[in-house]
Amino acid sequence: MKKIVSVFLASALAVSACAGLAGCSGDNKNYPVSVADITIETEPKDIVVLSDETADIISYLGYAKKMVGRSDEVTQNFLSVAPSVGSAANPDVEKIKSYATDIVFADDTLDENAKKELTDAGIMVLNVASPETTTELETVYLTLGKILGGSVDGAKTGEDSYKDLIDTMKTYKAEVNSNVSKTICYLYLEGDKLHTLHSGTYGDMLLGYTGAVNAAVNVSESEIDTKILKIANPDYILYDDDATLQFIKNDSDLKGLKAVKNKQTLMISQEEISRMGTTSLFTLNKIMNFMYPDRLKKNTDATAESVVPSAVEGATTATKSASNTQTTTQAATAAANVNGSVESQYKIKVSGLSLKLDDENDNVKAMQQRLFDLGYITDKGNVTGYYGEVTQKAVKDFQKASGLKQSGTADNKTLTALFKSDAKAKA
């Protein structure tokens, strides 16, 4: 499992190739640009992104239009228009070369032989380390802005984008400003050890914008003693996966926490919590809708939608002419999903899907989670993956609120409406 926090280099970038991009001196205002110990002579036109975290920030910066390829780990729906080049660790080097790629943005999983092949082909390979603190995150925004947009325009894009991200999170928090103090924590497993988002990290900042206080605010390491959580007794618990939830329910110190007893627990994957660009707004919105069921839904994902379509539009035109037809088809599908759907947040694809009483699978669980987030299922304990009478009633209630036939069966029309970003919340 991927760690949420990794070592962040002071220079913001670990550089795997030192040659500048080929060409003339380029845009005199923006290029050449120097970052860390490299000089980029001209504006990169075509990039491949292997790191999902870096891809998320690039999309928020508005430079997804430069993406001609991505790794399988870049699973964000709004970036799916860029064709896959294989895994982040062992990408298809020949495919990357065929795109006349200028820069590959990698992480530390990239195979050394693949890295050497790329650099030997004159392709710059940059390893952007995962920022641990908010200061380091701001540095990454500025650095990526400079690389992709230049020392003047790109730097301003980086600064403005980071400010916009933080301002948007502040706006979300202001929507639910309350005098009632609540506590929250995020838990995940590494092996058999429980970990959390501790004080001073990006995750700690994200939790702060929910309007609650991180229960691990006084913890300085990610590994946490369950007895500390027992004392903190958080109101809400976010957890990575089913294994983490099972650990919580089986642990003598944790199973009695009020968040567990009150079923105030929500699954948020490590990918959702660790991506620090476009996805972060989806994630924050998802958490806050869980915490505040009465929160108005008409503006749900409005901010994320305002940035995602531009990324999709750019990525559509970025792919090489050899794959234009395929990319255009992918772009149309992705644009339709992104502009009005939250399917990717729930890891479900509703195209052609129908669900009915007594079904039991992950799609049912995703549907139940969506119904819970919208207020139609009120007990988190009913998000089980089994389509029973409680789920049937919740589906009927949603159908009634949405002007659909009240059958209690989640036909495709119902599921499509349910997973729209403006789906009707329970009054």
Side-chain angles (χ1 to χ4, degrees), residues 3-6 8 53 56-57 60 130-141 159 161-188 194-224 228-229 231-240 244 257-259 262 264-296 299-304 307 345 373:
K3 291 186 178 181
I4 293 178
V5 177
S6 65
F8 183 82
E53 291 182 12
D56 214 66
I57 295 173
Y60 201 83
S130 180
E132 180 176 345
T133 68
T134 54
T135 299
E136 291 167 354
L137 178 60
E138 185 175 11
T139 299
V140 169
Y141 266 78
E159 292 172 359
S161 296
Y162 181 77
K163 181 179 183 300
D164 179 76
L165 180 75
I166 300 304
D167 287 347
T168 302
M169 290 183 177
K170 288 178 179 178
T171 300
Y172 277 25
K173 182 178 180 180
E175 291 176 6
V176 294
N177 194 17
S178 172
N179 294 324
V180 180
S181 179
K182 297 286 187 179
T183 53
I184 190 170
C185 68
Y186 181 84
L187 302 175
Y188 62 101
L194 192 66
H195 289 251
T196 189
L197 300 176
H198 60 87
S199 177
T201 62
Y202 161 77
D204 176 50
M205 178 195 77
L206 186 68
L207 294 182
Y209 284 118
T210 66
V213 176
N214 185 4
V217 67
N218 294 318
V219 177
S220 59
E221 300 291 337
S222 66
E223 187 175 339
I224 189 167
I228 293 176
L229 286 173
I231 295 170
N233 200 13
D235 296 287
Y236 306 98
I237 293 176
L238 310 176
Y239 60 93
D240 173 41
T244 306
L257 296 178
K258 57 186 172 184
N262 296 334
Q264 294 299 302
T265 58
L266 176 68
M267 183 187 294
I268 299 287
S269 70
Q270 287 201 51
E271 287 76 19
E272 290 176 290
I273 207 75
S274 66
R275 291 171 177 170
M276 306 176 197
T278 303
T279 299
S280 65
L281 297 183
F282 282 118
T283 301
L284 181 58
N285 191 68
K286 179 178 176 180
I287 295 170
M288 294 182 72
N289 286 337
F290 158 71
M291 294 173 63
Y292 311 101
D294 296 331
R295 183 173 177 240
L296 291 177
N299 291 325
T300 298
D301 299 329
T303 302
V307 297
Q345 295 179 52
D373 291 345

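Positions are given from 1, in the same order as the sequence printed here.
Asp56 places a side-chain N or O within 3.5 Å of a backbone atom of Thr278 that can act as its donor or acceptor partner. Here the side chain of Thr279 pairs no donor or acceptor atom with the backbone of Arg275 at under 3.5 angstrom. With hydrogens and angles ignored, the 3.5 Å screen pairs a side-chain donor or acceptor of Ser274 with a backbone N or O of Gln270. Not a single donor-acceptor pair under 3.5 Å links the side chain of Ser199 to the backbone N or O of Ser220. Judged by distance alone, with hydrogens and angles left aside, the side-chain atoms of Asn233 form a donor-acceptor pair with the main-chain N or O of Lys258 at under 3.5 Å. Side chain of Glu272 to main chain of Ile268: no donor-acceptor pair is present (N/O by atom type, distance under 3.5 Å, no hydrogens or angles). The closest donor-acceptor contact from the side chain of Asn262 to the backbone of Gln264 lies at 3.5 Å or more, if one exists at all. When atom types are taken as modelled, the side chain of Thr210 and the backbone of Leu206 share no donor-acceptor pair closer than 3.5 angstrom. With Asp204 contributing its side chain and Gly200 its backbone, the two residues share a donor-acceptor pair below 3.5 Å.
Residues Leu207 and Leu238 are in side-chain contact: their nearest non-hydrogen atoms beyond the backbone lie under 4.5 Å apart. Taking 4.5 Å as the limit, some side-chain heavy atom of Val176 sits within range of a side-chain heavy atom of Met288. Within the 4.5 Å cutoff, no side-chain heavy atoms of Tyr236 are placed close to those of Ile287. In this structure the side chain of Glu132 never reaches within 4.5 angstrom of the side chain of Leu137, judged on heavy atoms. Side-chain contact between Ile273 and Leu197 is present, with at least one heavy-atom pair separated by less than 4.5 Å. The closest side-chain heavy-atom distance from Met205 to Ile166 is below 4.5 Å. You'll find the side chain of Ser222 stays beyond 4.5 Å of the side chain of Thr196, heavy atoms only. You'll find the side chain of Val213 stays beyond 4.5 Å of the side chain of Ile184, heavy atoms only.
Put simply, CG on Leu194 and CG on Leu187 are 5.0 Å apart, with the number rounded to the nearest 0.5 Å. Annotation: the span from Thr201 atom OG1 to Glu136 atom CD amounts to 11.0 Å, rounded to 0.5 Å. Between the OG1 atom in Thr134 and the OH atom in Tyr202 there is a gap of 11.0 Å [rounded to 0.5 Å]. Annotation: the span from Asn218 atom CG to His198 atom NE2 amounts to 13.0 Å, rounded to 0.5 Å. One distance of note links CD1 of Ile228 with SG of Cys185; it measures 11.5 Å at 0.5 Å rounding.
Take Glu138 and apply the side-chain hydrogen bond (donor to acceptor under 3.5 Å, both in side chains) test, not counting sequence neighbours, and it matches no residue. Among residues two or more places apart in sequence or in another chain, the salt bridge (Lys or Arg N to Asp or Glu O under 4.0 Å) test is passed with Lys182 by none.
The two residues Val219 and Glu221 come nearest to each other via the heavy atoms CG1-O, 3.0 Å. Smallest separation of non-hydrogen atoms from Ala259 and Asp235: CB-O, 3.4 Å. Contact record, Leu257 with Pro234: CD1-CD, 4.2 Å, taken as the closest heavy-atom pair. Scanning all heavy atoms of the two residues, the minimum distance from Lys170 to Tyr209 falls at CG-CE2, 3.5 Å. Looking at every heavy atom in both residues, Leu266 comes nearest to Lys286 through CD2-O, 4.2 Å. Counting all heavy atoms, side chain and backbone alike, Leu281 lies closest to Met169 at CD2-CG, 4.1 Å.
A side-chain donor from one of Ser130 and Glu53 sits under 3.5 Å from a side-chain acceptor of the other. Counting only N and O atoms by type, the side chains of Asp373 and Asn289 include no donor and acceptor under 3.5 Å apart. Side-chain polar atoms of Asp164 and Tyr60 form a donor-acceptor pair below 3.5 angstrom.
The number of heavy-atom neighbours closer than 6.0 Å to NZ of Lys163, taken from other residues, nucleotides and ligands shown, is 12 or below. Summarising the local packing, CD of Glu223 is surrounded by more than 12 heavy atoms from other residues, nucleotides or ligands at distances under 6.0 Å.
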Working for side chain to side chain contact (heavy atoms under 4.5 Å, CB included), residues Ile237 and Tyr186: CA-CA 6 Å; Ile237 293 176; Tyr186 181 84; over 6 Å; no

Trace of the side chain to side chain contact (heavy atoms under 4.5 Å, CB included) decision for Thr168 with Leu284: CA-CA 10 Å; Thr168 302; Leu284 181 58; over 6 Å; no

